[in-house]
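Accompanying notes for the structure given below.
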Amino acid sequence: MTLSLDLKQSIWQVVASIPEGRVATYGQVAEMAGQPGRARWVGRLLSELPEATTLPWHRVVNARGNITNPQALTQIRRLALEGIETNNQRLALKQHRWRP
DNA sequence: CCTATGACCATAG
DNA sequence: CCTATGGCCATAG
C-alpha cells in the first residue's frame with residue numbers, strides 16, 4: 001500500500017488536534033488516524049515536514065515518553081513553553097499524555 | 001528481488 | 001535500568 005495523501009492528511013489532522021500542553025505517542029497518533037501498528041509511518045511523516053510548518057509535531061513522543069528526534073533541542077524548548085518539563089530527553093508521559 | 005534503515009512498539013529476561 | 005527479539009512498512013540503493 002502506498003502512502004496515500006488521504007492517509008497523510010488523517011495523520012496530520014490527528015497531530016494538529018493534540019491540545020497545547022499535552023502530548024501523544026507515535027503509536028497513539030497512528031491508531032487514532034485509523035492505522036494501528038504504523039507508528040513508523042508517523043515518525044517518518046513528521047521527519048518530512050517543512051521547517052516552517054505550524055503542525056505541533058513537538059507534542060509527539062515515543063511510547064516511553066522519550067524524545068527521539070534529531071531536533072530534540074527545539075522540541076524540548078517548545079514543550080517547556082507549554083509547561084512540560086523534560087529530564088534527559090524524557091517527560092512524565094503518565095501525567096502529560098493526551099487522553100481524548 | 002534483496003538488504004538496510006528508521007522521530008516506533010511490546011514483551012521477555 | 002539495559003539488551004535482545006520480533007513485528008511493523010515505506011524508501012533508498
Side-chain angles (χ1 to χ4, degrees):
Chain A
M1 176 179 178
T2 303
L3 213 59
S4 69
L5 183 57
D6 279 347
L7 178 51
K8 291 182 178 180
Q9 291 181 330
S10 67
I11 289 176
W12 291 331
Q13 207 287 322
V14 171
V15 175
S17 65
I18 304 172
E20 180 179 337
R22 310 247 77 186
V23 300
T25 70
Y26 294 95
Q28 181 183 353
V29 171
E31 187 172 351
M32 292 177 69
Q35 296 297 318
R38 264 144 241 215
R40 296 191 102 118
W41 283 14
V42 177
R44 208 168 66 72
L45 252 193
L46 296 188
S47 75
E48 294 173 351
L49 291 173
E51 193 175 344
T53 183
T54 58
L55 210 64
W57 55 266
H58 58 284
R59 298 185 188 136
V60 183
V61 298
N62 76 10
R64 297 175 193 165
N66 218 271
I67 292 172
T68 52
N69 170 346
Q71 303 232 47
L73 294 181
T74 299
Q75 184 164 8
I76 289 171
R77 181 169 49 75
R78 290 189 183 179
L79 287 173
L81 289 176
E82 299 185 0
I84 299 179
E85 296 305 321
T86 57
N87 215 309
N88 285 336
Q89 307 213 329
R90 174 171 32 151
L91 55 80
L93 187 57
K94 195 171 181 181
Q95 297 174 14
H96 304 292
R97 192 206 270 269
W98 175 42
R99 298 182 194 74

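The chains referred to below are lettered A, B, ... by the order of the sequence lines, with proteins before strands, and numbering in each begins at 1. The basis for the numbers below is simple: all heavy atoms, side chains too, and nothing from hydrogens, waters or symmetry mates.
Listed by chain and residue number, Ile67(A), Ile76(A), Leu79(A), Leu91(A) satisfy the side-chain contact (heavy atoms from CB on, under 4.5 Å) test with Thr86(A) (two or more places apart in sequence, or in another chain). Not counting sequence neighbours, Asn62(A) has no partner by the side-chain hydrogen bond (donor to acceptor under 3.5 Å, both in side chains) test.
Remark: the backbone N or O of His58(A) is not paired with any side-chain donor or acceptor of Gln71(A) at under 3.5 angstrom.
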| task | Dot-bracket for DNA chain C, please, read 5' to 3', with Watson-Crick or G-U wobble pairs under 3.5 Å on both distances, ( ) within the strand, [ ] crossing, | other strand, . unpaired. | result | .||||||.|||||
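Listed by first and then second residue, the salt bridge (Lys or Arg N to Asp or Glu O under 4.0 Å) pairs that reach into residues 58-79 of chain A are Arg59(A)-Glu82(A), sequence neighbours excluded. Residue pairs meeting the side chain to side chain donor-acceptor pair (under 3.5 Å) criterion with at least one member in residues 47-57 of chain A, sequence neighbours excluded: Arg44(A)-Glu48(A).
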Side-chain atoms of residues 6-34 of chain A: list all donor-acceptor pairs with protein atoms under 3.5 Å, sequence neighbours left out, distances to 0.1 Å.
unit_1	atom_1	unit_2	atom_2	d
Ser10(A)	OG	Leu7(A)	O	2.7
Ser17(A)	OG	Gln13(A)	O	3.4
Ser17(A)	OG	Val14(A)	O	2.7
Arg22(A)	NH1	Arg97(A)	O	3.3
Arg22(A)	NH2	Gln95(A)	O	2.7
Thr25(A)	OG1	Gln28(A)	N	3.0
Gln28(A)	OE1	Thr25(A)	N	3.2
Gln28(A)	OE1	Arg97(A)	NH1	2.6
Gln28(A)	NE2	Trp98(A)	O	2.8

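Within residues 90-100 of chain A, no residue approaches DNA chain B, by heavy-atom distance under 4.0 Å.
In this entry the distance linking CG of Leu45(A) with P of dC9(C) reads 15 Å, nearest Å.
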| query | Which letter, B, S or -, goes with each nucleotide of nucleotides 5-12 of chain B from 5' to 3', with contact meaning a protein heavy atom under 4.0 Å? | reply | -BBBSS--
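The hydrophobic cluster containing Leu81(A) does not contain Ile84(A), counting ILVMFWY residues as joined when their side-chain heavy atoms lie under 4.5 angstrom apart, directly or transitively.
In plain terms, the two heavy atoms of His96(A) and Gly83(A) that are nearest each other are CE1-O, 4.4 Å.
Remark: the separation of the P atoms in dG13(C) and dA7(B) is 15 Å, to the nearest Å.
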